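Here the structure is a predicted model, which is why all the values come from computation and not from measurement. Note on naming: letters A, B, ... go to the chains in the order of the sequence lines (proteins, then strands), and numbering restarts at 1 for each one.
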Amino acid sequence: MKKYKVPRGTFDILPEESFKWQYITKTFRQTTQLFNYREIVTPIFENSEIFERSVGDTSDIVEKEMYKFQDKKGRELALRPEGTAPVVRSFVENGLHLKPNSAKLYYLGPMFRYDRPQKGRYRQFYQYGIENIGSENPFIDAEVIAFAFHFLKELGLQNFELQINSIGCENCTKEYDIALKKYFSKHLNELCSDCKTRLEKNPKRVLDCKVKNCKTIAKDAPSMLDYLDEDCKTHFSAIQKYLSEMQIPFVINPKIVRGLDYYAQTAFEIIDTNLGAQNTLIGGGRYSKLVQQLGGANISGIGFAGGFERLLLSLENENIIFGMEQKPEVYFVNLGENTKYESVKIISNLRKNGISCEFNPDKISMNAQMKEANKKGVKFCLILGENELKNNEIILKNMFTSEQQNVKRDKIIEAIITSKKS
RNA sequence: GUGGGUGUAGUUCAGCGGUAGAGCACCGGAUUGUGGUUCCGGCUGUCGCGGGUUCAAAUCCCGUCAUCCACCCCA
């Protein structure tokens, strides 16, 4: 028989793991309530153009990482590689800027990129994210960052660092790129080959290079922050002031360069320094032209996205206690043939009364049933045998204390409820 | 797309030319109406796949696929 495996870069979330994912989802949803964000659910696939237009057709995501396909009518579609563009598409398509309470949106779900898998990076990966569309007020920037910060704290995470930067608007970038090119061309021979091409395509990327030589050269490169115009400068310092007032610690990292084309001004990352190469927990930033690019009004937005897989790695590193795996409350032990119809009746009645109950008809001996009850970690066993059937009773055993009592069968529910409290 | 490590039981791994092994997990029994601890017994494999070398390959060689880590990129 042929054995099948999950496709490369994908994975199953098994029952023994899934409660951890639920914990993250639950905590995220709680945070959305606190900040009053509402869920938006968009399709898993979109017209390819939406990403090509917004993310930037020279970006790696569009150039080589998109799962593109044609449907039977020849439509060019793509599995979504990220969440912002679809949300903005929907925002524009449905005229959400005219609807009340629709500027603050959150989403959850799988994204797809044809990357080479490695630690913390998969081809199908799960993201949570928020978008706040319609305001340029720096308070919103600070609030979006505060959301991310609050969420991680709420999960119980300790070791992470918030890094912020402003990459300026179009005007600032123009001058800055010229300055960077001028600086780096003096050191052209010392740069790695990747950086030589970066210098042409997107000189800011050189700042991000991890090659030692490039790093040392980049150290003395002109800083973006010195090239911000007045508007961007005041915007950026306002954010810092707000963050300080909210007691959110941050460091300014002028080397943060968001990879996607649509970013402008605010860029931020939250990283976990003991995670490995893929250590960005959350990445976000402001986009000023994206809404317009996708056919909407000339309004700006800001958002972030984070990956579940990396978050899970961090949480496990820090031994965060997740929610508990679900357990049944009662394990039902049936002894023999004559009692089985009465057993079925009782089990059904328990569930009607909201008491979760497990029963295994394939286990015959009492020993085997008790063993399984123990393995499942239930607090109670209900035991029904010939004697109890005759006396109209049943045994209720507390597995934690080993105490047991005979109770009348019409008093089972009450007996369990009172024992639950003790 | 590039480089390196690793593929053996459900799982973690040992074996590294001569009849496929251990721990954990699972199942059963000791206890035929009472679990956890203990003891006893049992189950499972195209040794990732294809080819080559050899009297003989899990073991050596080549290819391939998968996986992990790193580059790249990013969540």
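- Out of A66(B), U34(B), C26(B), the shortest distance to the side chain of Ile395(A) is found at U34(B).
- Between Met366(A) atom CE and U32(B) atom P there is a gap of 11 Å when expressed in whole angstrom units.
- Across all strands, Gly284(A) comes closer than 4.0 Å to no nucleic acid atom at all (heavy-atom distances).
- Nucleotide U59(B) is matched to nothing when pairs are restricted to Watson-Crick or G-U wobble geometry with both distances under 3.5 angstrom.
- Heavy atoms of Glu372(A) sit nowhere under 4.0 angstrom from any nucleic acid atom.
- The aromatic rings of Phe147(A) and Phe304(A) are tilted relative to each other, their planes meeting at an angle between 30° and 60°.
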message: Show, in sequence, the C-alpha distance, side-chain angles and deciding distance for Glu309(A) and Trp21(A), and conclude whether the side chain to side chain contact (heavy atoms under 4.5 Å, CB included) test is met.
response: CA-CA 9 Å; Glu309(A) 295 81 4; Trp21(A) 290 68; 3.8 Å; yes

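- Pairing of C72(B), defined by two Watson-Crick or G-U wobble distances under 3.5 Å, is not identified with any nucleotide.
- The same atom, C1', is picked in G17(B) and in U54(B); the two are 9 Å apart, to the nearest Å.
- The residues Glu52(A) and Lys68(A) are annotated as salt-bridged, a charged nitrogen and a carboxylate oxygen being separated by less than 4.0 angstrom.
- Salt bridge absent: Glu329(A) and Lys379(A) never bring a charged side-chain N and a carboxylate O closer than 4.0 Å.
- Distances were taken from every side-chain heavy atom of Thr280(A) (C-beta onward) to each of A75(B), A66(B), G35(B); the shortest belongs to A75(B).
- Summarising the base pairing, U6(B) is matched to A66(B) through a Watson-Crick or G-U wobble pair whose two defining distances lie under 3.5 Å.
- The C1' atoms of U44(B) and A25(B) are separated by 12 Å, rounded to the nearest whole Å.
- When distances run from any side-chain atom of Asn367(A) to the nucleotides C74(B), G35(B), U2(B), the shortest one goes to G35(B).
- Nucleic acid contact class of Phe304(A) (heavy atoms, under 4.0 Å, all strands): none.
- One interatomic measurement links the two molecules: CE of Met370(A) to P of G36(B), which rounds to 9 Å at whole-angstrom precision.
- Across all strands shown, Lys363(A) has heavy atoms under 4.0 Å from sugar-phosphate atoms exclusively, and none from any base.
- Counting any heavy atom pair closer than 4.0 Å across all strands shown, Ala373(A) reaches no nucleic acid atom.
- Between the CG atom of Leu14(A) and the P atom of U11(B) there is a distance of 11 Å, given to the nearest Å.
- The CE atom of Met111(A) sits 9 Å away from the C1' atom of A75(B) (whole-angstrom rounding).
- Among the atoms of the strands shown, base atoms are found under 4.0 Å from some heavy atom of Lys397(A).
- Nucleic acid contact class of Glu386(A) (heavy atoms, under 4.0 Å, all strands): base.
- Of the candidate nucleotides G35(B), U34(B), C72(B), U34(B) has the atom nearest to the side chain of Ile383(A).
- Toward the 5' end of RNA chain B, the nearer of the two residues Phe125(A) and Arg8(A), judged by each one's closest nucleotide, is Arg8(A).
- Distance from the side chain of Lys375(A) is smallest for C27(B) among the nucleotides C27(B), G29(B), G1(B).
- Gly336(A) comes within 4.0 angstrom of no nucleic acid atom, judged by non-hydrogen atoms across all strands.
- Out of G36(B), C72(B), C27(B), the shortest distance to the side chain of Gln118(A) is found at C72(B).
- Taking the charged nitrogens against the carboxylate oxygens, Arg123(A) and Glu65(A) have no contact shorter than 4.0 Å, which rules out a salt bridge.
- Toward the 5' end of RNA chain B, the nearer of the two residues Gln127(A) and Lys119(A), judged by each one's closest nucleotide, is Lys119(A).
- Listed by chain and number, the residues in a salt bridge (charged side-chain N to carboxylate O under 4.0 Å, His left out) with Glu372(A) amount to none (sequence neighbours excluded).
- Look at CZ on Arg121(A): it is 9 Å from P on A70(B), rounded to the nearest Å.
- Heavy atoms of Glu388(A) sit under 4.0 angstrom from at least one base atom.
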